[in-house]
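Below is one structure; the comments refer to it alone.
Keep in mind that the numbers below use all heavy atoms, side chains included, and drop hydrogens, waters and symmetry copies. On a predicted model such as this, the values are computed, not experimentally measured, just so you know.
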Amino acid sequence: MRVRIDADLEKGTIERTELPESATWLGGRALADSILFEEVPPACHPLGPGNRLVFAPGFFAGTSMPTASRMSVAGKSPLTGGIKESNVGGMAGITLAQLGVGAVVIRGISPGPSLKLLVFRHGSAELMDAPELGGLGNYETVECLKKRFGDGAVILSTGPCGEMKMSAATIAVTDTNGRPCRHAGRGGLGGVMGSKGLKAVVMDPEGSQLRKGADPGAFAEAVKEYTKILQSSKRTAFWRENGTAALIDVSHARGSLPTRNFTSGAYDKKDRINSDRLKVLVAQRKGAMGHACMRGCIIRCSNIFNDPQGRYLTSGLEYETIAMMGSNLDIDDLDTIAQMDFRCDDYGIDTIETGATLGILTETDLFRFGDGERAIQLLDEIGKGTVLGRILGQGVTTTAKVFGIARIPAVKGQSLPAHEPRSLKGLGVTYAVSPQGADHTAGFVAEEPFSKEGHTERSRKAQINMVIADSLGLCQFTGLRDDYGLFARLIGALAGKIPSAEEVWRIGRDALWKERTFNQAAGIGPGQDRLPEFMRSEVLPPNNSAFDVEDQDLDRVFGDYP
Ligand code: SF4
């Protein structure tokens, strides 16, 4: 049995109900989408009392399935104004699921004055005051909470950026080492958490139990098959050995590495920030490659990056951060990028959105390419909440408005991630039409990267498959996408009722339809399913390609929706 916990911050009450039968096969993103679709008025203000914040472990979270315990964090986004799901690793998904929780719904706004904590122990949930945590960064917050609740506590928290309700604020999740370095980064859901007056969710794992399912034998058999696929995949070994930083070389080679504010797809100094360089520094300083962000991950793409004295600096230093704060800002030094990453994690601000924001700031005299010291100062302004910092913390679209900048790398208010759509046109289609705004995890399409044809169907399929993965709790790096038959057996053995392959596909299809419908009611229609104008008018070196997929093909992704 999985339960839903509703914490009403306004009334100070906790309600515990069983998930309904309609949620038998739902977890993660699909479950969060149905809750938001049914309960949140699409036109509500994202920071107002009508919005809800949902934490939903993936369907397989807390079972013996490896790399399948991720969690969805969802709500109406202050960044895009639409529905948002931000997928996160770390230990929260496993722990909530093993405490029997299928979804946590945060509603209402605390009347204050104290910040609140939501504390889970085996069989109980409770709201508590935490005035001492006001203004603290995520690292200090976690240290304080461990002193109060024990070293084993698993913690979700928001930093000062969330408390200041910034549109690019994140929610941190502690990893296998108990550090708040995994983030539900996109869409500003940290601002929604801050708006409710909730500083942290604390989970005491004592008494939590492995989920074995309705038919443990059949589930164990299917898990064996799934694990064999993962273990024998060349991708698994590749990510473990090289980390996601390996994508610096891959993106540079295909001309899709955002460089100097999206003016090039290749970076002449990429050898200073790529995986080879990262591995040398990690080895010299006794950090770690092949680190697992959550228990039970057999891919282990993450890392621990130490400073030159061998002291912990940040974890994990990932591709998106290295590209958006490295090549995109012409900062060619991994130590500087790692310091920026640490600050973003501590203040609780999205590295992708912030990298894009500092990129456009090069059009003003506030920042110039390659100035790592100034970049760190600007991040400190965000963390402190100076006037400039508060503007930057609203993300690339608001910053562009404030400074009169027209060349904005964003879709639906959310910045483009670190994959140039002019050299990956199928992914460009996903960026343009996804209800999530520009998001590389919404449905990655790498086939025929320079063709303008055939991406309508590819993107639709990739988006549906990604919703399924996000709903099941699978990490995107499993590479498993349309293995509907295997998923059906796993779901059936866990839930006690086996879906058909078609019903598995419908989990993704229906959730995506709900996201789209919610957005339309919130005022985000097909007219916003477009990439920024400059991506059509400016060709991108070194491939000299512009985005030229026809508008009618973008419109068909959902126009022809099955
Ligand atoms: S593959 Fe990487 S991101 Fe995915 S769960 Fe494992 S460590 Fe985390």
Side-chain angles (χ1 to χ4, degrees), residues 77 79-82 167-168 186-187 255-266 323-324 327-329 352-364 367 369 391-392 394-440 442-443 445 449-453 455-456 459 519-520 523-559:
S77 162
L79 195 68
T80 66
S167 297
R186 308 238 62 204
S256 61
L257 178 64
T259 300
R260 298 184 189 91
N261 190 22
F262 289 89
T263 57
S264 174
M324 295 306 290
S327 55
N328 194 50
L329 304 181
I352 295 175
E353 192 71 35
T354 309
T357 303
L358 296 188
I360 64 159
L361 213 59
T362 56
E363 291 200 28
T364 72
F367 181 58
F369 287 127
I391 293 168
L392 303 179
Q394 297 305 320
V396 71
T397 304
T398 298
T399 300
K401 264 189 206 162
V402 172
F403 292 101
I405 294 165
R407 192 180 174 281
I408 313 169
V411 178
K412 301 186 182 87
Q414 179 166 274
S415 79
L416 264 59
H419 308 269
E420 245 292 351
R422 286 171 284 184
S423 294
L424 274 171
K425 293 181 186 175
L427 181 59
V429 174
T430 299
Y431 284 175
V433 307
S434 165
Q436 301 289 327
D439 190 335
H440 63 295
V445 179
F450 296 105
S451 167
K452 59 189 275 194
E453 310 290 343
H455 297 311
T456 303
S459 172
N519 278 7
Q520 286 187 341
I524 304 170
Q528 281 156 278
D529 289 344
R530 297 291 182 265
L531 288 188
E533 279 176 303
F534 78 87
M535 299 228 148
R536 287 195 183 275
S537 58
E538 283 178 29
V539 293
L540 182 76
N543 298 313
N544 297 324
S545 60
F547 187 75
D548 54 1
V549 177
E550 303 289 345
D551 283 351
Q552 64 197 36
D553 289 334
L554 299 179
D555 294 339
R556 279 200 304 111
V557 175
F558 287 103

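With sequence neighbours excluded, the residues forming a side chain to side chain donor-acceptor pair (under 3.5 Å) with Thr430 are Ser459, listed by chain and number. Applying the side chain to side chain donor-acceptor pair (under 3.5 Å) rule to Arg536 yields the partners Asp551; only residues at least two apart in sequence or on another chain are considered. Residues forming a ring-ring contact (aromatic ring centres under 6.0 Å, His included) with Phe534 (at least two apart in sequence, or on another chain): none. Every residue two or more places apart in sequence or in another chain was checked for a salt bridge (Lys or Arg N to Asp or Glu O under 4.0 Å) with Glu363, and none qualifies. For Glu533, the side chain to side chain donor-acceptor pair (under 3.5 Å) test picks out no residue, with sequence neighbours left out. Taking Glu420 as the reference, Arg422 meet the side chain to side chain donor-acceptor pair (under 3.5 Å) condition, with sequence neighbours excluded.
Note that OG1 of Thr362 is 11.0 Å distant from CZ of Arg260, once rounded to the nearest 0.5 Å. Between Gln394 atom CD and Glu353 atom CD the span is 10.0 Å, to the nearest 0.5 Å. Rounding to the nearest 0.5 Å places CZ of Phe547 at 4.5 Å from CG of Leu531. For the atom pair CZ (Phe450) and NZ (Lys425), the distance works out to 7.5 Å, reported to the nearest 0.5 Å. In this structure, CD1 on Ile405 lies 6.5 Å from CG on Leu361, to the nearest 0.5 angstrom.
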Using the rule given for side chain to side chain contact (heavy atoms under 4.5 Å, CB included), can you reason through Thr399 versus Ile360, listing the C-alpha separation, both sets of side-chain angles and the distance that settles it, and then say yes or no?
CA-CA 8 Å; Thr399 300; Ile360 64 159; 4.2 Å; yes
Stepwise side chain to side chain contact (heavy atoms under 4.5 Å, CB included) test for Ile352 and His440
CA-CA 11 Å; Ile352 295 175; His440 63 295; 4.0 Å; yes
List the steps and the verdict of side chain to side chain contact (heavy atoms under 4.5 Å, CB included) for Leu554 and Val549.
CA-CA 7 Å; Leu554 299 179; Val549 177; 4.2 Å; yes
Are Val557 and Asp529 close enough, and set up right, to give a side chain to side chain contact (heavy atoms under 4.5 Å, CB included), and what steps lead you there?
CA-CA 10 Å; Val557 175; Asp529 289 344; over 6 Å; no
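Between Leu424 and Val445, every side-chain heavy-atom pair lies at or beyond the 4.5 Å cut-off. A 4.5 Å side-chain heavy-atom check between Pro532 and Val411 finds at least one atom pair inside the cut-off. When side chains are defined from C-beta on, Leu392 does not count as touching Thr354, because their heavy atoms never get closer than 4.5 Å. Using a 4.5 Å heavy-atom cutoff, the side chains of Thr263 and Arg407 are in contact. Within the 4.5 Å cutoff, no side-chain heavy atoms of Thr80 are placed close to those of Asn519. Annotation: side chain of Asp555 is in contact with side chain of Arg530 (closest heavy-atom distance under 4.5 Å). Looking at heavy atoms from C-beta onward, Pro421 lies in side-chain contact with Leu416 at the 4.5 angstrom threshold.
For Arg186 (side chain) and Gln414 (main-chain N/O), no donor-acceptor pair under 3.5 Å exists by modelled atom type. Checked by atom type and distance alone, the side chain of Thr398 never pairs as donor or acceptor with a backbone atom of Gly395 at under 3.5 Å. The closest donor-acceptor contact from the side chain of Thr259 to the backbone of Ser327 lies at 3.5 Å or more, if one exists at all. Between the side chain of Lys401 and the main chain of Ala406, no donor-acceptor pair closer than 3.5 Å is present.
Between the side chains of Ser423 and Asn543, at least one donor-acceptor pair of N or O atoms lies under 3.5 Å.
Of all the heavy atoms in Ala546 and Glu538, the pair that sits closest is CB-O, 4.0 Å. For the pair Ala418 and Ala323, the tightest heavy-atom approach, listed with the atom from each and the gap, is CB-CB, 3.5 Å. The nearest pair of heavy atoms linking Phe558 to Pro435 is CZ-CD, 4.1 Å. Contact detail for Gly255 and Leu540: the closest heavy-atom pair is O-CD2, 3.6 Å. Of all heavy-atom pairs between Gly443 and Leu427, the closest is O-CD1, 3.8 Å. For the residue pair Tyr431 and Asp439, the shortest heavy atom distance occurs at CD2-N, 3.6 Å.
When each of Val396, Leu79, Thr357 is tested with Ser415 by the rule side chain to side chain contact (heavy atoms under 4.5 Å, CB included), just one qualifies, namely Val396.
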